[in-house]
Amino acid sequence: MSEAKRPIEASGTFKIGDQVIHRLGYGAMRLTGKGIWGAPRDRGEAVRVLRRAVELGVDFIDTADSYGPYVSEEIIAEALYPYPKGILVATKAGLLRTGPDVWVPLGRPEYLRQECEMSLRRLKVDAIDLFQLHRIDPGVPAADQFGLLRDLQREGRSGTSDFRKSRFTRSKRRERSCPS
């Protein structure tokens with residue numbers, strides 16, 4: 001299939017940081033077992049699906065440390081490392097998993113930093129292309145959570161983060177108007 005005829009080309013593009021990617025990406029949440037917990041039934045098939053997505057032009061892979069937990073990131077590295085030029089892998093932290101279909105917001109900065117470091121190891125990279133906060137933890141000041149994302153970016157652990165002054169300002173307003 002020629003590049004011009006691939007369906008992904010019709011999805012359009014946008015920029016994350018300095019990288020232009022297609023709007024049609026691959027959400028890797030379902031690479032895991034039932035309840036987004038544990039290994040998939042057929043790990044080899046999960047690897048093949050990821051490789052085929054990239055062959056078809058997918059250049060944005062979205063995952064999270066909580067998918068599996070950790071399983072999705074491990075499969076992505078198995079399937080795609082070393083990552084082809086132009087692939088952007090995004091991951092998230094901020095949810096604690098204690099069982100299938102259980103998602104507990106956990107935004108303490110030390111936890112977010114730990115999960116970033118572990119994601120770096122699992123994905124086999126020195127910096128995560130896009131590191132995101134999965135959920136704002138209402139029990140932790142938003143400034144602390146966003147501040148950690150900013151720190152990781154400044155330290156070079158994240159190429160881009162979802163830290164933006166406008167988002168932080170909106171979160172601070174919500175925090176003041178909707179106390180936990």
Side-chain angles (χ1 to χ4, degrees), residues 1-32 36 46-95 107 109 111-136 142-143 145-171:
M1 184 179 298
S2 76
E3 190 165 316
K5 293 181 182 181
R6 295 185 307 183
I8 193 140
E9 303 307 323
S11 72
T13 60
F14 68 103
K15 282 181 87 171
I16 292 183
D18 294 330
Q19 190 167 339
V20 176
I21 59 170
H22 290 96
R23 290 193 180 281
L24 180 61
Y26 184 83
M29 181 178 186
R30 297 289 177 179
L31 289 176
T32 64
I36 322 304
V47 168
R48 286 188 294 279
V49 164
L50 276 168
R51 289 179 179 159
R52 182 65 176 145
V54 171
E55 286 172 13
L56 292 172
V58 169
D59 52 12
F60 177 62
I61 310 290
D62 179 64
T63 190
D65 67 336
S66 57
Y67 299 165
Y70 315 132
V71 173
S72 179
E73 292 178 338
E74 292 167 353
I75 293 172
I76 289 167
E78 180 182 338
L80 302 176
Y81 183 85
Y83 300 101
K85 185 174 177 12
I87 297 293
L88 189 146
V89 178
T91 195
K92 299 174 279 301
L95 290 173
Y111 178 77
L112 297 174
R113 178 176 292 282
Q114 167 192 295
E115 293 307 300
C116 177
E117 293 297 328
M118 296 306 294
S119 290
L120 289 164
R121 290 181 195 165
R122 284 187 293 273
L123 292 167
K124 301 179 181 182
V125 295
D126 295 325
I128 294 169
D129 295 327
L130 172 62
F131 188 69
Q132 304 164 89
L133 182 59
H134 212 147
R135 214 50 106 256
I136 294 173
Q145 295 172 75
F146 287 116
L148 186 275
L149 292 179
R150 180 199 57 226
D151 292 348
L152 291 170
Q153 192 174 11
R154 287 179 178 166
E155 294 165 15
R157 306 308 275 160
S158 168
T160 303
S161 72
D162 67 353
F163 174 78
R164 290 186 300 277
K165 188 171 183 175
S166 61
R167 184 171 178 180
F168 175 74
T169 303
R170 283 192 309 271
S171 294

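At a threshold of 4.5 Å between non-hydrogen side-chain atoms, the residues Y26 and V49 count as touching. For the pair R113/E155, a side-chain contact is recorded, criterion being any heavy-atom separation below 4.5 Å from C-beta on. Y70 places none of its side-chain heavy atoms less than 4.5 Å from the side chain of M118. Side-chain atoms of F146 and I136, non-hydrogen and from C-beta on, do get closer than 4.5 Å to each other. Counting heavy atoms from C-beta on, the side chains of I16 and F60 come closer than 4.5 Å. In this structure the side chain of V71 never reaches within 4.5 angstrom of the side chain of L31, judged on heavy atoms. Contact annotation: the side chain of L80 approaches that of R51 to within less than 4.5 Å [non-hydrogen atoms, C-beta and beyond]. A 4.5 Å side-chain heavy-atom check between D126 and L120 finds every atom pair outside the cut-off.
Note that the CD atom of Q153 and the SG atom of C116 stand 11.0 Å from one another [nearest 0.5 Å]. Note that the CG atom of L95 and the CD1 atom of I36 stand 12.0 Å from one another [nearest 0.5 Å]. Rounding to the nearest 0.5 Å places CD1 of I75 at 12.5 Å from CD1 of I61. Interatomic distance, CD of E78 versus CZ of R122, reported as 14.5 Å (0.5 Å rounding).
Between I76 and A28, the shortest heavy-atom contact is CD1-CB, 3.8 Å. Contact detail for L133 and G94: the closest heavy-atom pair is CD1-CA, 4.4 Å. In plain terms, the two heavy atoms of E55 and R6 that are nearest each other are O-NH1, 3.7 Å. M29 and T32 make their closest contact through O-OG1, 3.2 Å (heavy atoms, listed as atom of the first residue, atom of the second, distance). For the pair S119 and D65, the tightest heavy-atom approach, listed with the atom from each and the gap, is OG-CB, 3.9 Å. Heavy atoms only, all atoms of each residue included: G156 and A127 are closest at O-CB, 3.2 Å.
Counted within 6.0 Å of CZ on R121, heavy atoms from surrounding residues, nucleotides or ligands total 12 or fewer; the atom is thus considered open.
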Exercise. side-chain contact (heavy atoms from CB on, under 4.5 Å) between E74 and Y67: does it pass, once the steps are laid out?
Worked result: CA-CA 10 Å; E74 292 167 353; Y67 299 165; over 6 Å; no
For this session: Could you walk me through whether I8 and L56 pass side-chain contact (heavy atoms from CB on, under 4.5 Å), step by step?
Result: CA-CA 7 Å; I8 193 140; L56 292 172; over 6 Å; no
For this session: Kindly indicate, with the supporting measurements, whether the criterion side-chain contact (heavy atoms from CB on, under 4.5 Å) is fulfilled by S158 and L149.
Result: CA-CA 8 Å; S158 168; L149 292 179; over 6 Å; no
Would you be so kind as to tabulate the donor-acceptor pairs closer than 3.5 Å made by side chains of residues 85-93, with sequence neighbours excluded?
from: T91; atom 1: OG1; to: E73; atom 2: OE2; distance (Å): 2.5
from: K92; atom 1: NZ; to: D62; atom 2: OD1; distance (Å): 3.0
from: K92; atom 1: NZ; to: D62; atom 2: OD2; distance (Å): 2.8
from: K92; atom 1: NZ; to: T63; atom 2: O; distance (Å): 2.8

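With hydrogens and angles ignored, the 3.5 Å screen pairs no side-chain donor or acceptor of S11 with any backbone N or O of H22.
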